[in-house]
Amino acid sequence: MSRTALRICPLCEATCGLTLTVEGTRVTGARGDRDDVFSKGFICPKGASFGAVDGDPDRLRTPLVRRDGELREATWAEAFDAVADGVRGVVERYGANSVGVVLGNPNVHTVAGGLYPPVLLAGLGTRSVFTASTVDQMPKHVSSGLLFGDANAIPVPDLDHTDHLLLIGANPLESNGSLCTAPDFPGKLKALKARGGTLTVIDPRRTRTARLADRHIAIRPGTDALLLAAMAYTLFEEDLVDLGELAPHVMGVEELRDAVRDFSPEAVTAACDVDAPLIRTLARELAAAPTAAVYGRIGSCTVPYGTLGSWLVDVLNILTGNLDRPGGALFPQAATDRTPRPAGPSHGFSLGRWHSRVSRHPEAKGELPLSALAEEIDTATAEGEPIRALIAVAANPVLSAPDGDRLDKALDGLDFMVSVDPYLNETSRHADVVLPPPPPSQSAHHDFAFNTLAVRNQVRYTRPAVPLEPGRMAETEILARLTLAATGMHGADPSAVDDLVIGQTLGKAVKEPWSPVHGRDPKELAAQLTGENGPERRIDMMLRLGPYGDGFGVRPDGLSLEKLLAHPHGIDLGPLRSRLPQLLKTRSGKVELLPRPIADDLPRLRRSLDELPDGLVLVGRRHLRSNNSWMHNVPALTGGSNRCTLHIHPEDAERLGVRTATEVRVKGAGGEVVVKAEVTDGIRRGVVSLPHGWGHDRPGTRLSHAATDPGVNVNQLLDGSLLDPLSGNAVLNGVPIEIMAQL
Ligand code: SF4
């Protein structure tokens, strides 16, 4: 007997609502939920394969603990005992910073990943924190921190209303959107064109998104910041700057005019390989459009000037008056955001409050570069102890960080390692303890992070579609128990973590004059919380304290968990609205257009004009049926065009004697790989492309399908030394490489 259940899709940032078909405890089908207030029935091939992802037979069912050198099945109690011994032993012998924490991308796709890692990090007190952000979007956080005082205040293009969209380094027809949560992103781009709007795509590859565009500009990789700076230059030179209603909230416009003086279209044309008149046209069109938005993504972030490029994206939106207005780029307001405080000067954003021990990389947003993880483990210095224990949560840095071979060896040298991971993969195979979360159908879902990036304000929550299998532990309980074991409270009830957070949050809220609960008794408020468990009580608290919340009775029509549960397809909270100056947290209380760290980094960008590359460079690529390494184990999502091949332009191929399906040796600073070529004119001359997350050929893993077509690890071509200095983000695009045809 089958039934249906609702579940928000966790497989990419679009967060589509799914209707699952469930037979017994097995998910046998998935279709788009037509009544979902946000996605309205949209689904992509990944979401349609939810059942296969969920039911992957290679998922671990019980914890594993290393005994006599072998990972063996163990009870949960044995596993957490081992975590407490392993982590606390290292903390006591070497100090908190000798415990490293690595958080992988799936943390932002789970309730547990949103609620518990902050408590774990605060309790541990370690500065050795690494996440997937520094191989992805950290430049955007840093530029937002510097411009707006809040690293998480990221404006998104108002896709449903804009007249003119300029995409740079983004391929939403394959990714379905990133740092811009928009179910049916492809449909929204088509709707933009249908209503007479224009779409420009800047990308060295002629991607599916580029093919949809009115204009595609195949820029030289890594030069996005130069092109954007030249557009800003043109706006000033041609007197096209018009901040509109933003003007009273922005400082530094004249200083910016001076700062971009060296970046005329004529000065950058050779570096970008884009004609100067075309750059001027792009600037004029942006200024002339009734509404417009510039949106940059991974191709403009994972480059040597990632923070400058990310900053310039918002600079262009500001100079044309498009930031914070409908049709431009707006800041979403999520239901679980903190209670908005009144506008005014705040604490600002700081970089480099501490540095990594070996290469002295500055922290950004409390994190060190993932590229530095291996050296922080394997290199002794006089500065302090190396990392001796590692806690990896949903992270596979052996494949996702530069120079996986070095990290692979470094992990073997740790005193202790625990992985929270459903798979025995290239990283978790090194762990002493593996704690497997249940399949997604057995977890509740809410998007804490992606609702702060959504193109429409809305809120949705789905309870587990399938009951927890016997022997499984809820992911929230795993992370709560891990937090307790790692922070010296092993054995306490996991609800202690939730109670601690609830007590602290309410205690703070009642002291804030702008809070709806100002002056009330935190205990009385805590007693009002509803929910079946600690995580639900925390979500109830966040909703009720949030911008749409009921304020614990102050606004009876407001949100609470109870109200949300009564709306299983979600609650629409309306289109994005202007939020300036309220959201600014800069010291000045204004948008700081030319922050000091940016001004200090511009000379480096200026010098790049004199350093034209002459060899081949590498870029990545995304496929609709993939996301990160773990999706390669699902047969329905592999094969066909989703293959690990090297895309190369026909002229480069001919010059190098390369043909489709022949093997080529690709050599970078960090190592080399041998991979099959695919000759295509969908990439510009001088550029080759490899996808990421492949290289499933290491022993000791349990990814049986992925191992049948392992591909190669593109990150092995990097040595970890190429970083955007402001954000610590790895340079993954525009990387110099050599290739040789295999004979
Ligand atoms: S677009 Fe993303 S969220 Fe939507 S169904 Fe596909 S994978 Fe899931």
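We count ligands from 1, going down the list as the structure has it; atoms in each ligand are counted the same way.
Side-chain atoms of Thr701 and Asn425 include no donor-acceptor pair closer than 3.5 Å. The closest side-chain donor-acceptor pair between Tyr461 and Glu536 falls under 3.5 angstrom.
Using a 4.0 Å cut-off between charged nitrogen and carboxylate oxygen, Asp136 and Arg297 count as a salt-bridge pair. Between Arg537 and Asp498, none of the side-chain N atoms (NZ, or NE/NH1/NH2) sits under 4.0 Å from a carboxylate O, so this pair counts as no salt bridge.
Atom CZ of Arg702 is surrounded by 12 or fewer heavy atoms from other residues, nucleotides or ligands within 6.0 Å.
For atom 8 (Fe) of ligand 1, protein N, O or S atoms under 2.8 Å: 1 in total.
Partners of Ala449 according to the side-chain contact (heavy atoms from CB on, under 4.5 Å) rule, which considers only residues two or more places apart in sequence or in another chain, are Val108.
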